[in-house]
Enquirer: 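Encoded as structure tokens, here's the structure I'll be asking about.
Letters A, B, ... are given to chains in the order of the sequence lines, protein chains preceding strands, and every chain is numbered from 1.
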Protein chains: 2
Amino acid sequence: MVTIADVARHAGVSPSTVSYVLNGSHQISETTRGRVLRSVAELGFHPNAGARTLAGRRSRIIALVMPLRTDMYVPVMMEIAISVTTEARRHGYDVLLVTDEEGPEGVRRVAASGLADGVILMDVELGDPRIPALRARGTQAVLIGLPDDPHQLSCVDHDFTAAGALCADHLADLGHRDVGFIGYGSGVYKRHAGYAERTLAGFRERAEQRRVRFLHRPCEGTYESTAWTLTRILADRPGTTGFVVQNEAAIGPLLGLLKAAGRSVPEDTSVVALCPEQLAEQHTPALTTVSGPGQELGRVAVGQMIRRLTAAQRGEPPTDERVLLQPTLTVRQSTNGQPSPPKEPS
Amino acid sequence: MVTIADVARHAGVSPSTVSYVLNGSHQISETTRGRVLRSVAELGFHPNAGARTLAGRRSRIIALVMPLRTDMYVPVMMEIAISVTTEARRHGYDVLLVTDEEGPEGVRRVAASGLADGVILMDVELGDPRIPALRARGTQAVLIGLPDDPHQLSCVDHDFTAAGALCADHLADLGHRDVGFIGYGSGVYKRHAGYAERTLAGFRERAEQRRVRFLHRPCEGTYESTAWTLTRILADRPGTTGFVVQNEAAIGPLLGLLKAAGRSVPEDTSVVALCPEQLAEQHTPALTTVSGPGQELGRVAVGQMIRRLTAAQRGEPPTDERVLLQPTLTVRQSTNGQPSPPKEPS
DNA sequence: TGGCAGCGTCGATGCGCTTCGACAAACTCA
DNA sequence: TGAGTTTGTCGAAGCGCATCGACGCTGCCA
């Protein structure tokens, strides 16, 4: 193992000088600096992580806490995890993956042991039990999702309210007067998953403004539940010509069912999906979607964390930011401006 | 911050005794042990990770290296990442997430700095450049996937050859004589992704044994490419009554196209998908699949790593294991025993 | 009753690095 | 030209823990 002392000897300087060069924490002449860096490269020196952590009282590690639940669309979590990791590296940090299996205790352990300098929490919900654990310890935290009380915490999330509103606007613009909103399974609403509720609320408010009638129905996403949901919506509102699908899993079944019911998309019926762009092209017809920037979420979260950590290091008070990322409507082939009147009389 | 000295004082023992209790590395009387543990709990002591790493020369961290590429089915990677993380915790290890963005240098950095005790590499390919980097340093490594030369390395992977064979057997058993094999995009084969090649090889061999004729065609997974692939297969072999789909993204399009072509599944045409069980139920009809145990992969990889680390600590030579996990055929509604003869004459 | 094993506990040392204060050298200005 | 300032480098003191060797104590056998 190559140590800082080896580098120092090789470069003809003292260990502290090598440390200063590597950390940029002190003025060093260009010549010495060059000599040290050359020695570092020549010997293939990698500072020992444990020693750095111990002496410097910071681990340069950010913990990323993932939900175990999988009713969220998994690729989205993956996208966030990867963007968090690459962005963290750009700032010299590594990422520790923590699952929620340990619950709040896991977060406590990672923070209290100094394993991580800060914690990024994914899929934060109202009443999240991990948040008090973090607050109590004064741990640096960034939340992906919105908690009850964002006081003293940085948060970032998609603007789901705006996403819901975009759906309503688009269908209203196209002339739809009756819309079915196919939601997540009822369990998701029961746990008050913020993203589900906010999307629905945003949609509801805008739909009312635009005088669009709608029916919201939960849906588990299986073929059977989608069939049942669709049947109920069409029975209650035969004049429905537009659909908003919140549960990605229901998209495929819905398209099949509409076709089977003799409704063609987009001629008779428009479908707007709330899902990542990536999914949109996999369906036929390609889906008009409202989606948020997945990669951006991770980048912003890391940015907030870095700002918090540097502020804390300087003894400054933490900056509790609160960022909502704007969703985009991408019109593809599943929505249409001239909905035919439904065949059955209402 | 609570240190081991605080605990020692509180319990009326020396710091070394506390250390022995916490690490179980020395005989301690039951009474002392109880007293120490009570103090630990009462003070909420969490051993400092940096100090432990430095003094103990091990970080209790395993690095998990993820591919950035996304032509693999993403939820599968996620499943592995989560199972690796939870299994590692069961052994007292944490998991550091490393992306391949840094390339072999990232792996080198993490290992050389002592940040991680070992490295689990996902999505290993033939000629993987990260492997020489690990070998050179003598870093403990477990590969998910199979390298050219598994000498001195532990590997685990799905038995893709067996998976291919299972597909061939099932379709042969059902009486299909002409089968289309819808593969991944040609880029996947060009990089010699082992999983793609081995599945195909396993299928080919068994198909020949069972006297099933087949056409393998690469497919990017978009609607257009699937349509083109299907068209070509049916043009070349109009008598095709069975399909094996390797590229998950092509499943949805394929089912739609078959229906559009007037072929009903499973009455006229059987479809076997090589994909996670989870996807199978999302399609209509529910897919007959051949799939491997995703969670198991992560668990086995961690198990191998733990064995390597404990062996290395005792100065024993590493056990280079090589495990192939057996896939399962699950018959659902997309395969049928009585393929109707195709309508067009061959 | 003396001698000798363990068994259980303690001090001391060092892991490799960061960082503080000291200090020599080169410079500034009166 | 001497006092004060700045610049660049060095030594040494920890950071909090694991671990080795030392050592006292209890209990056993002769």
Side-chain angles (χ1 to χ4, degrees), chain A residues 1-37 39-40 43-61 92 109 111-115 117 309 313-315, chain B residues 1-37 39-40 43-61 92 109 111-115 117 309 313-315:
Chain A
M1 161 179 260
V2 186
T3 74
I4 202 173
D6 298 327
V7 177
R9 212 171 307 123
H10 186 272
V13 297
S14 77
S16 47
T17 305
V18 176
S19 175
Y20 290 137
V21 168
L22 291 176
N23 294 298
S25 47
H26 208 302
Q27 280 228 356
I28 297 286
S29 71
E30 253 331 297
T31 45
T32 318
R33 175 189 187 67
R35 207 142 36 92
V36 168
L37 289 179
S39 296
V40 165
L43 300 179
F45 171 64
H46 289 264
N48 180 280
R52 271 188 113 172
T53 301
L54 181 57
R57 294 132 171 289
R58 48 189 284 239
S59 63
R60 295 151 201 261
I61 288 180
R109 178 180 62 84
S113 67
L115 221 191
D117 294 334
L309 292 177
Q313 221 176 355
R314 296 200 204 119
Chain B
M1 159 177 264
V2 186
T3 74
I4 202 173
D6 298 328
V7 176
R9 212 171 308 121
H10 186 273
V13 297
S14 79
S16 46
T17 304
V18 176
S19 176
Y20 289 136
V21 169
L22 291 177
N23 294 299
S25 47
H26 209 301
Q27 282 230 358
I28 296 286
S29 70
E30 253 330 297
T31 45
T32 320
R33 175 189 186 65
R35 206 141 39 91
V36 168
L37 288 178
S39 296
V40 165
L43 300 179
F45 171 65
H46 289 265
N48 180 281
R52 274 188 112 177
T53 300
L54 181 56
R57 294 133 172 290
R58 48 190 283 241
S59 64
R60 296 150 200 261
I61 288 180
R109 178 179 62 82
S113 67
L115 220 191
D117 295 334
L309 291 177
Q313 220 175 355
R314 297 200 203 118

Enquirer: Rounded to the nearest Å, what distance is computed from the NE2 atom of residue A:His46 to the P atom of nucleotide C:dC15?
Expert: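 Distance check: A:His46 NE2 to C:dC15 P gives 21 Å.
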Enquirer: Quick one: A:Met1 CE to C:dC17 P, roughly how many Å, whole number?
Expert: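 So the two atoms are 7 Å apart, to the nearest Å.
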Enquirer: Give me the distances for all protein-to-nucleotides 19-21 of chain C N/O pairs that come in under 3.5 Å?
Expert:
from   : atom 1 : to      : atom 2 : distance (Å)
C:dC20 : N4     : A:Tyr20 : OH     : 2.1

Enquirer: Can you confirm whether B:Met1 sits close enough to B:Asn48 that some side-chain heavy atom of one is under 4.5 Å from a side-chain heavy atom of the other?
Expert: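 A side-chain contact under 4.5 Å exists here.
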Enquirer: Hey, does the side chain of A:Ser59 reach the backbone of A:Leu115 with a donor-acceptor pair shorter than 3.5 angstrom?
Expert: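 Yes; at least one donor-acceptor contact below 3.5 Å.
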Enquirer: Hey, is the side chain of A:Arg57 poking within less than 4.0 Å of OP1 or OP2 on C:dT18, counting only N and O atoms?
Expert: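 For C:dT18, neither OP1 nor OP2 has a side-chain N or O of A:Arg57 closer than 4.0 Å.
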Enquirer: Show the nearest heavy-atom pair for residues B:Ala8 and B:Pro15, with the distance to one decimal.
Expert: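 The pair with the smallest heavy-atom distance is CB-N, 3.5 Å.
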Enquirer: Can a side chain N or O of B:Gln27 be found less than 4.0 Å away from OP1 or OP2 on C:dC7?
Expert: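 The answer is no; no side-chain N or O of B:Gln27 sits under 4.0 Å from OP1 or OP2.
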Enquirer: Ignoring hydrogens and geometry, is there a side-chain-to-backbone donor-acceptor pair from B:Ser39 to B:Arg35 under 3.5 Å?
Expert: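 Indeed, once roles are kept as given, a pair shorter than 3.5 Å links the two residues.
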Enquirer: For DNA chain D, what residues of residues 5-13 of chain B have any heavy atom nearer than 4.0 Å?
Expert: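 When residues 5-13 of chain B is checked for heavy atoms under 4.0 Å from DNA chain D, there are no hits whatsoever.
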Enquirer: For a quick check of understanding: with a heavy-atom distance under 4.0 Å over all strands, which category does B:Ile28 fall into, base, sugar-phosphate or nothing?
Expert: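 Result for B:Ile28 = sugar-phosphate.
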Enquirer: Quick one, B:Val36 and B:Ile28 - any side-chain contact, counting heavy atoms below 4.5 Å?
Expert: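 A side-chain contact under 4.5 Å is absent here.
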Enquirer: Is the closest side-chain donor-acceptor distance between B:Ser16 and B:Ser19 under 3.5 Å?
Expert: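 Their side chains do not contain a donor-acceptor pair, so the 3.5 Å distance test is not met.
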Enquirer: Measuring only between side-chain heavy atoms, which start at C-beta, is B:Thr53 closer than 4.5 Å to A:Thr53?
Expert: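 Result no, sub-4.5 Å side-chain heavy-atom pair not found.
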Enquirer: So do A:Asn23 and A:Arg52 actually touch side chain to side chain, heavy atoms under 4.5 Å?
Expert: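 SC-SC contact between A:Arg52 and A:Asn23 confirmed.
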Enquirer: Identify the 5'-most and 3'-most nucleotides of DNA chain D with at least one atom closer than 4.0 Å to a non-hydrogen atom of chain A.
Expert: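 The footprint of chain A covers D:dG8 to D:dG16.
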Enquirer: Can you tell me the distance, in whole Å, between the CG atom of B:Leu54 and the C1' atom of C:dT13?
Expert: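 Rounded to whole Å, this separation is 13 Å.
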Enquirer: Between B:Phe45 and B:Leu22, what is the shortest heavy-atom contact and its length?
Expert: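 In terms of heavy atoms, the two residues are closest at CE2-CD1, 3.5 Å.
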Enquirer: Taking all non-hydrogen atoms of both residues into account, name the closest pair between B:Val2 and B:Leu43 and its distance.
Expert: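 Heavy-atom minimum between the residues: CG2-O, 3.5 Å.
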Enquirer: Within the structure provided, determine whether A:Val21 and A:Val18 are in side-chain contact (heavy-atom separation under 4.5 Å).
Expert: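 No, side chains not in contact.
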